[in-house]
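Below you'll find the structure, written out as structure tokens, and then a few comments.
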Amino acid sequence: MEQRRSQWNFETTDDGWLWTVVHADNTKETSAAPFKTLKECADDAAQHGYVAWKAENERRRDLVLGVSKILAKESSSE
């Protein structure tokens, strides 16, 4: 079975944040330029295939907020 996972690393330098990925075929890719914030760096990495898994408590929080928004919308339309 072919290994499809990639190993992502995020590091800070004097110039900002960089991402690096090593793919299953051992090819390596690095962000084209440093980013001012880790969020900007992670957003760019996501455009290059990085998938950030949310922690269970974040997923639950999103679900609760989503349900709360729906309930608020329904009650305001009554």
Item to check | Under 3.5 Å: donor-acceptor pair, side chain of Glu40, backbone of Thr37 | outcome: yes
| task | Check whether any side-chain N or O of Thr13 sits under 3.5 Å from a backbone N or O of Gly16 as a donor-acceptor pair, and report yes or no. | result | yes
On a heavy-atom basis, the closest approach of Thr27 and Asp25 is OG1-OD1, 2.7 Å
Note: Leu18 and Cys41 closest approach over all heavy atoms is C-SG, 3.5 Å
When rounded to the nearest 0.5 Å, the distance separating CG of Leu38 from CD of Glu11 is 11.5 Å
Does any part of the side chain of Trp8, heavy atoms only, come nearer than 4.5 Å to the side chain of His48, both counted from C-beta?
yes
Value for CZ (Phe35) from OG1 (Thr12), rounded to nearest 0.5 Å, stands at 13.0 Å
Q.
Aromatic contact between Trp19 and Phe10, with the criterion being ring centroids under 6.0 Å apart: yes or no?
A. no
One should read off an interatomic distance between Lys39 NZ and Asp44 CG, to the nearest 0.5 angstrom, of 12.0 Å
*Can you find a pair of side-chain heavy atoms, one from Lys28 and one from Val21, that are under 4.5 Å apart?*
no
